[in-house]
Amino acid sequence: MLSYNIYTDLFKPLFDRTLAVILLLFFSPLFFLIILVLFFTNKGEVFFTQTRVGYKLKLFKIYKFKTMSDEVTATDLQRLTKVGKFLRNTSLDELPQLFNMLVGDMSLVGPRPLLEQYIPLYSINQNKRHNVKPGITGLAQVKGRNILSWKNSLKYDSFYAQNISLLLDLIIIFKTFKAVFQTKNINVSNQLSRDFFNGEN
């Protein structure tokens, strides 16, 4: 018999969808301003989309504002546009994920959704991260964002999935706002994107 958790199965999804609607309306002027700027600076390319893994290994398309050019021979830092740097530093590149929240693919808080190719590489404990919906922010993000090792990042993801609660979510939301305003734990090296996960435990 399946267990029922009133927070994870009722309140949290309702909160996510309601918040997504409110934030999309609130940020709509900024949203359209960013779209306009990116349209002219990125030659019409506004959004970055990619297939990611969600709840119970369900695949979905994640949406972000496009922050890099398409030059294949350049480093991530060289590909990062001036507008893209601002969007990343302020986390505004994540705004389109409100649509992912609205349709139910993502939550405000949860493990960050990762690439499909990583699925066979997770340990049993690491794979528990897929027992909850992925989030725009999460425990690993407030613990160190992309400066964490894969081992520690996935450890925090699994811990969250096994200890999800209203209190833990509120703590993560508070720490997220604090980190955003401090532009804390943002990788500014030549490799802005994380190295690929190779199955380390």
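Side-chain atoms are counted along with the backbone in the values below, which use heavy atoms only and exclude waters and symmetry mates. If you're wondering where the values come from, they're calculated on a predicted model, not measured in any experiment.
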Thr67 backbone acceptor or donor facing Thr81 side chain under 3.5 Å: yes

More than 12 heavy atoms from other groups under 6.0 Å of OH on Tyr63: no

Arg129 side chain to Arg112 backbone, donor-acceptor under 3.5 Å: yes

Sub-4.5 Å side-chain heavy-atom contact between Lys178 and Val142: no

Less than 3.5 Å apart, which donor and acceptor atoms pair up between the side chains of residues 14-28 and the rest of the protein, not counting sequence neighbours?
unit_1	atom_1	unit_2	atom_2	d
Asp16	OD1	Ser107	OG	3.3
Asp16	OD1	Leu108	N	3.1
Asp16	OD2	Ser107	OG	2.6
Arg17	NE	Leu102	O	3.2
Arg17	NH2	Val103	O	3.3
Thr18	OG1	Leu14	O	2.8
Ser28	OG	Leu25	O	2.8

Flag if over 12 foreign heavy atoms under 6.0 Å of NZ, Lys175: no

Closest contact, heavy atoms only, Ser158 versus Asn125: OG-O, 2.6 Å

Side chains of Gln78 and Met68 in contact at under 4.5 Å (non-hydrogen atoms): no

same_hphob_cluster(Phe197, Ile124) at 4.5 Å side-chain heavy-atom cutoff: no

Audit row: Val132, Thr8, side-chain contact (heavy atoms from CB on, under 4.5 Å) steps and yes/no: CA-CA 8 Å; Val132 295; Thr8 58; 6.0 Å; no

Remaining members of hydrophobic cluster (4.5 Å side-chain criterion), Ile171: Leu167

Any side-chain heavy-atom pair of Leu30 and Leu92 under 4.5 Å: yes

Side chains of Asp169 and Tyr7 in contact at under 4.5 Å (non-hydrogen atoms): yes

Under 4.5 Å side-chain linkage, directly or through intermediates, the cluster mates of Val53: Leu57, Leu59, Ile119

Results of side chain to side chain contact (heavy atoms under 4.5 Å, CB included) for Phe159 - residues two or more places apart only: Leu139, Asn163

Partners meeting salt bridge (charged side-chain N to carboxylate O under 4.0 Å, His left out) with Lys58 (sequence neighbours left out): Asp105

Non-hydrogen side-chain atoms of Ile164 and Lys12 separated by less than 4.5 Å: yes

Donor-acceptor under 3.5 Å (Arg52 side chain, Phe60 main chain): no

Show me the donor-acceptor pairs, under 3.5 Å and distance only, between side chains in residues 35-48 and residues at least two apart or in other chains.
unit_1	atom_1	unit_2	atom_2	d
Thr41	OG1	Val37	O	2.9
Asn42	ND2	Glu45	O	3.3
Asn42	ND2	Lys66	O	3.3

